[in-house]
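Read through the structure below, which is laid out as structure tokens, and then see the notes.
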Amino acid sequence: MNKKVLIGTGVALSLLFSPISQAFAAEPATGERKQVDNIAHRGATGYAPENTIAGFDLAVDMKADYIEIDVQRSKDGELVVIHDTTVDRTTDGTGKVGDLTFDYLRSLDAGSWKGEQFAGEPIPIFEEILERYHGKVGILIELKAPELYPGIEEQVADALTLKARNLDKPQNEKIIIQSFNFESMKKMDQLLPKVPIGVLTSNRADTTAEALQEFSAYADWFNPSYGIVTEELVNQVHSHGMQIGSWTVRSQEAADFLFEMEVDAIITDYPDYVDPRS
């Protein structure tokens, strides 16, 4: 049975005010594009350093519906926002995220590689992102390589369920948790049954009817790379009660293709490419 059926009204209410759910419920008028959620991939990465406050702030300014963030954990147990499992590519440091202390990670320059104007941008703290952006923009939280960080699911759940935030409650929709690690997402669904869960894949083997049926038992979103998106896949995902968000758009042509496929969300480095009015 589909997860949405199991939790019923809770998820229905959580999605009620989402532009995406409204667009999904009605066919677009002739000559108009279906409205989709515009998800800024690691922030407005085309214009600012990924997974930094500068990039997320710019995404908000560009009217993105969501920012997408990558969450990992320091050696001493702090949740930080960075994509790669090493710091080498996007900072002036070296080493594996999980082998480095929080203080060292925070001392790194995560902005200069993108431009001198971003010098000194630090690696953000997960809770800092929740505090700064909740209520301003949706947050798509990717657990990056959770198999490297045993217990990270509980730690993320704890951060979302603090009394000050209550981000696990249906009225606080616009929080989604996703990962390539399906077992991790099953665990997140158990910990936070009212929070939408997404599964990420670039593998066509995950697009069969049998696979989609399995995902629909715990996931609300099926999020494939755009290279494997077809009209048939979109229809199959919808038939299993899930929504579909595709990544990563880095050209207007890719965005236009996904509009044509009528996906529910487009995950992009360039939020300005995802404009249903264009």
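Along the sequence shown, residues are numbered consecutively beginning with 1.
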Output all residues satisfying side-chain contact (heavy atoms from CB on, under 4.5 Å) with [X], sequence neighbours left out; order by chain, then residue number.
{"X": "D57", "value": "I53, R132, Y133"}
{"X": "S107", "value": "Y104"}
{"X": "A59", "value": "A40, A44, A64, I67"}

**OP:** Mind jotting down which residue pairs meet the side-chain hydrogen bond (donor to acceptor under 3.5 Å, both in side chains) criterion with at least one end in residues 195-205? Sequence neighbours excluded, please.
**Re:**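 Qualifying pairs: T201-D206.
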Subject >> Pair listing, side-chain hydrogen bond (donor to acceptor under 3.5 Å, both in side chains) test, anchored in residues 144-157, at least two apart >> reply: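 Passing the test, one end in residues 144-157: Q72-Y149, R73-Q155, H83-K144, E142-K144, E147-N181, E153-S184, E154-K187.
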Identify the heavy atoms of [X] and [Y] that sit nearest to each other, and give their distance.
{"X": "V229", "Y": "P224", "answer": "CG2-CG, 3.8 Å"}
{"X": "E262", "Y": "H238", "answer": "O-CE1, 4.0 Å"}
{"X": "N223", "Y": "G198", "answer": "ND2-CA, 4.5 Å"}
{"X": "V71", "Y": "I152", "answer": "O-CD1, 4.2 Å"}
{"X": "Y66", "Y": "L140", "answer": "CD2-N, 4.0 Å"}
{"X": "A159", "Y": "F126", "answer": "CB-CE2, 3.7 Å"}

Subject >> Test item: M62 and N38 side chains (from C-beta on) under 4.5 Å apart, heavy atoms >> reply: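 In short, these two side chains do not touch, never coming nearer than 4.5 Å.
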Subject >> Side chain proximity check, I39 to I266, heavy atoms < 4.5 angstrom >> reply: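 The answer is no; the side chains never approach within 4.5 Å.
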What residue pairs, at least two apart or across chains, pass salt bridge (Lys or Arg N to Asp or Glu O under 4.0 Å) with a residue in [range]?
{"range": "residues 223-243", "value": "none"}
{"range": "residues 94-116", "value": "R106-E128"}
{"range": "residues 85-95", "value": "E50-R89, D84-R89"}

Pairwise distance [atom1]([X]) to [atom2]([Y]) - rounded to 0.5 angstrom:
{"X": "Q252", "Y": "Y270", "atom1": "CD", "atom2": "OH", "result": "12.0 Å"}
{"X": "F56", "Y": "K136", "atom1": "CZ", "atom2": "NZ", "result": "13.5 Å"}
{"X": "M185", "Y": "D220", "atom1": "CE", "atom2": "CG", "result": "12.0 Å"}
{"X": "L258", "Y": "D264", "atom1": "CG", "atom2": "CG", "result": "11.0 Å"}
{"X": "E183", "Y": "M188", "atom1": "CD", "atom2": "CE", "result": "14.0 Å"}
{"X": "T52", "Y": "I82", "atom1": "OG1", "atom2": "CD1", "result": "11.0 Å"}

**OP:** Please list all pairs passing the ring-ring contact (aromatic ring centres under 6.0 Å, His included) test where one or both residues lie in residues 190-217, with sequence neighbours left out.
**Re:**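 Those involving residues 190-217 are F182-F215, F215-F222.
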Subject >> N/O donor-acceptor pair under 3.5 Å between W113 side chain and T90 backbone >> reply: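 Yes, W113 side chain to T90 backbone: donor-acceptor pair under 3.5 Å.
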With sequence neighbours left out, write down each residue that passes side chain to side chain donor-acceptor pair (under 3.5 Å) with [X], or none if nothing qualifies.
{"X": "Y47", "result": "D272"}
{"X": "N51", "result": "D70"}
{"X": "T207", "result": "none"}

**OP:** Following the transitive rule for hydrophobic clusters with a side-chain heavy-atom cut-off under 4.5 Å over Ile, Leu, Val, Met, Phe, Trp and Tyr, establish whether F102 and L130 coincide in one cluster.
**Re:**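 Linked, F102 and L130 end up in one cluster.
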Original post:
Using the benzene-type ring in the case of Trp, are the ring centres of W247 and F180 under 6.0 Å apart?
Top reply: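 Yes, the ring of W247 comes within the 6.0 Å limit of the ring of F180, centre to centre.
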**OP:** Answer yes or no: does atom CD of E260 have more than 12 heavy-atom neighbours from other residues, nucleotides or ligands under 6.0 Å?
**Re:**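 No.
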